[in-house]
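What follows is a short report on a single structure.
A note on names: the letters A, B, ... follow the listed sequences, proteins ahead of strands, and every chain is numbered from 1.
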Amino acid sequence: MNVDLLSHPAEEVAPKLLGCVLTCKTPEGTVSIAITETEAYSGTADPASHAYRGRTARNATMFGPAGHLYVYRSHGLHWCANVVTGTDGIASGVLIRAGRVIEGEDLARKRRGAKVDSPRLARGPGNVGQALGITAEHNGADLLAGTSVMLSEGEPVPAALIRVGPRVGVSKAHDWQHRFYLAGDPTVSAYRLSPRAKPSAGA
DNA sequence: GTTAAGATCCACT
DNA sequence: GTGGATCTTAACC
């Protein structure tokens with residue numbers, strides 16, 4: 001993966017990450033997924049972004065240079081992974097919402113549970129983290145160096161298959177057209193709006 | 001120091 | 001379709 005490709009605002013990078021491969025190496029083994037769904041969180045102007053209220057200890061990674069991994073804990077249970085994009089000093093990141101396991105499926109299924117269907121192994125942000133084995137240890141990891149977590153280019157995705165839609169699961173600005181996914185892909189989550197989501201103008 | 005809310009997922013009805 | 005689990009962060013007193 002070229003760092004130049006990531007040095008742009010999240011909403012520009014997010015659709016380009018579709019089809020790219022995210023690989024995580026652990027002592028247990030290696031798991032790779034082809035990204036099928038992303039969501040952009042750009043800058044301190046985005047009310048749904050962790051960076052909205054400025055830089056804090058948690059989101060410091062998002063303010064750093066592009067090409068790193070920002071990992072956070074959601075609802076005290078799940079690990080979610082973001083690719084940091086944009087310029088050093090500007091908070092910008094792309095949440096990996098879903099992917100298709102292309103390497104290490106056995107290990108991914110072992111982590112997720114034996115009864116999980118293949119398309120479900122990495123469907124949903126929390127499940128992506130679990131399938132890949134991502135934890136807080138990977139926060140700030142260099143995706144380009146590829147020591148533990150690596151982002152690489154996958155097979156090109158036909159532009160016609162890329163869809164844009166409202167964001168899911170956030171209680172603010174959920175109708176921003178910042179969610180990108182592959183049309184018809186079974187691994188794409190079809191989640192409901194956040195229970196706290198309030199209707200906003202134009203939604 | 002205390003409290004409220006959160007970029008979610010699973011089991012149960 | 002609905003509700004609960006579970007804990008960290010950040011805002012407020």
Side-chain angles (χ1 to χ4, degrees), chain A residues 9-11 13-15 17-18 22 33 35-64 68-86 90-101 108-140 149 163-181 186-200 203:
Chain A
E11 64 270 26
V13 178
L17 288 182
L18 294 175
L22 189 61
I33 64 168
I35 299 169
T36 58
E37 186 180 1
T38 63
E39 207 162 82
Y41 290 88
S42 51
T44 48
D46 184 347
S49 170
H50 287 168
Y52 183 49
R53 296 179 192 81
R55 183 171 188 151
T56 65
R58 173 175 60 156
N59 61 30
T61 305
M62 264 185 24
F63 285 81
H68 290 246
L69 194 71
Y70 166 46
V71 180
Y72 71 93
R73 178 111 84 169
S74 174
H75 291 63
L77 301 171
H78 311 287
W79 295 109
C80 299
N82 299 247
V83 176
V84 178
T85 71
I90 306 290
S92 185
V94 177
L95 171 69
I96 307 302
R97 285 195 61 87
R100 177 169 41 85
V101 177
R109 180 168 282 113
K110 179 180 159 192
R111 287 174 176 146
R112 296 271 295 112
K115 294 181 180 178
V116 179
D117 297 332
S118 294
R120 289 186 165 195
L121 285 174
R123 186 175 76 165
N127 292 333
V128 168
Q130 189 178 8
L132 287 173
I134 287 175
T135 69
E137 297 177 12
H138 298 101
N139 187 33
V149 197
R163 293 285 187 277
V164 186
R167 295 190 292 196
V168 178
V170 299
S171 58
K172 297 171 184 173
H174 60 86
D175 50 348
W176 285 28
Q177 303 289 300
H178 276 187
R179 175 174 170 250
F180 302 88
Y181 58 96
T187 62
V188 172
S189 52
Y191 287 154
R192 56 187 176 277
L193 289 174
S194 164
R196 301 176 192 278
K198 300 168 190 165
S200 60

To the nearest Å, give me how far apart NE2 (His78(A)) and C1' (dT6(C)) are.
9 Å
The Watson-Crick or G-U wobble partner of dA7(B), with both key distances under 3.5 Å, is none
Within the 4.0 Å heavy-atom criterion, would you say Arg120(A) contacts the bases, only the backbone, or no part of the nucleic acid?
nothing
Glu137(A) atom CD, neighbour heavy-atom count above 12 within 6.0 Å:
no
Please answer whether dA7(B) and Tyr41(A) are stacked, defined here as ring centres separated by less than 5.5 Å and planes angled under 30°.
yes
Does the Asn82(A) side chain pair with the main chain of His68(A), one donor and one acceptor, at a distance under 3.5 Å?
no
Which base, if any, makes a Watson-Crick or G-U wobble pair with dC12(C), both distances under 3.5 Å?
dG1(B)
Length of the line joining Leu77(A):CG and dA5(C):P, which is rounded to integer Å
11 Å
d(CZ, Arg167(A); P, dG6(B)) in whole Å
14 Å
Over how many whole Å does the gap from Gln130(A) atom CD to dA5(C) atom P extend?
19 Å
In whole angstroms, the gap separating P of dA7(B) from NE2 of His174(A) amounts to 13 Å
Can you tell me which nucleotide in dC9(B), dA7(B), dA10(C) comes closest to the side chain of Asn127(A)?
dC9(B)
Stacked pair His75(A)-dT8(B), distance under 5.5 Å, angle under 30°
yes
Candidate nucleotides dA7(B), dA10(C), dT8(C), ranked by approach to the side chain of Arg73(A) - the nearest:
dT8(C)
Given 3.5 Å as the limit, does a donor-acceptor pair link the side chain of Ser92(A) with the main chain of Ala10(A), or not?
yes
Could you check Arg100(A), Arg163(A), Arg179(A) and say which one makes a salt bridge (Lys or Arg N to Asp or Glu O under 4.0 Å) with Glu37(A)?
Arg179(A)
Is Glu39(A) paired with Arg167(A) through a side-chain N to carboxylate O contact shorter than 4.0 Å?
no
Length of the CZ-P vector between Arg112(A) and dT8(B), whole Å:
15 Å
How many whole angstroms separate atom CZ of Arg53(A) from atom C1' of dT8(C)?
14 Å
Can you check whether Ser74(A) has a side-chain N or O nearer than 4.0 Å to OP1 or OP2 of dA7(B)?
no
Nearest-angstrom distance from the residue atom NZ of Lys115(A) to P of dC10(B):
14 Å
Distance below 4.0 Å between Arg58(A) side-chain N/O and dT8(C) OP1 or OP2
no
